[in-house]
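Down below is the structure, laid out as structure tokens.
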Amino acid sequence: MLDPLDFVARLVALVPLTLGLIVPYIIYRRQKFLVGGARIGTSVVEFEGNVGGFYLACLMGVVFAAIGTGVFLFLGNWWLGPIFKHVFVD
């Protein structure tokens with residue numbers, strides 16, 4: 001039997017992961033709804049995108065954010081580390 005606190009901890013850990021996986025699909029469905037209902041004169045506008053492109057864009061965003069964070073942390077420690085050590089230690 002799971003401890004209630006352990007269950008809540010697992011649930012809290014699972015929610016961001018599942019919400020993160022569903023967001024590109026929600027954006028895709030919203031875009032499909034908004035564009036699919038549009039008309040120009042008597043012509044119907046159709047959305048021909050696929051959900052894979054939205055997942056790819058979100059994945060690229062996560063990768064670039066991770067790379068940027070790594071570079072910032074590395075350069076911040078290497079370049080600004082001595083400055084902060086001097087300022088906060090002395």
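Atom set for the values below is all heavy atoms of this structure, side chains included, hydrogens, waters and symmetry mates excluded. Numbers here are sequence positions counted from 1.
- Using a 4.5 Å cut-off between side-chain heavy atoms of Ile, Leu, Val, Met, Phe, Trp and Tyr, with links allowed through other members, Leu56 and Val51 fall into different hydrophobic clusters.
- Under the side chain to side chain contact (heavy atoms under 4.5 Å, CB included) criterion, Ile67 pairs with Val63, Val71, sequence neighbours left out.
- Apart from Val44 itself, the hydrophobic cluster it occupies contains nothing, where clustering links Ile, Leu, Val, Met, Phe, Trp and Tyr at side-chain heavy-atom distances under 4.5 Å.
- The 12-atom threshold is not exceeded at CD1 of Ile40, counting heavy atoms of other residues, nucleotides or ligands nearer than 6.0 Å.
- Annotation: the span from Phe74 atom CZ to Thr69 atom OG1 amounts to 15.0 Å, rounded to 0.5 Å.
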Can you give each donor-acceptor pair under 3.5 Å made by side-chain atoms of residues 19-33, sequence neighbours left out, with the distance rounded to 0.1 Å?
none

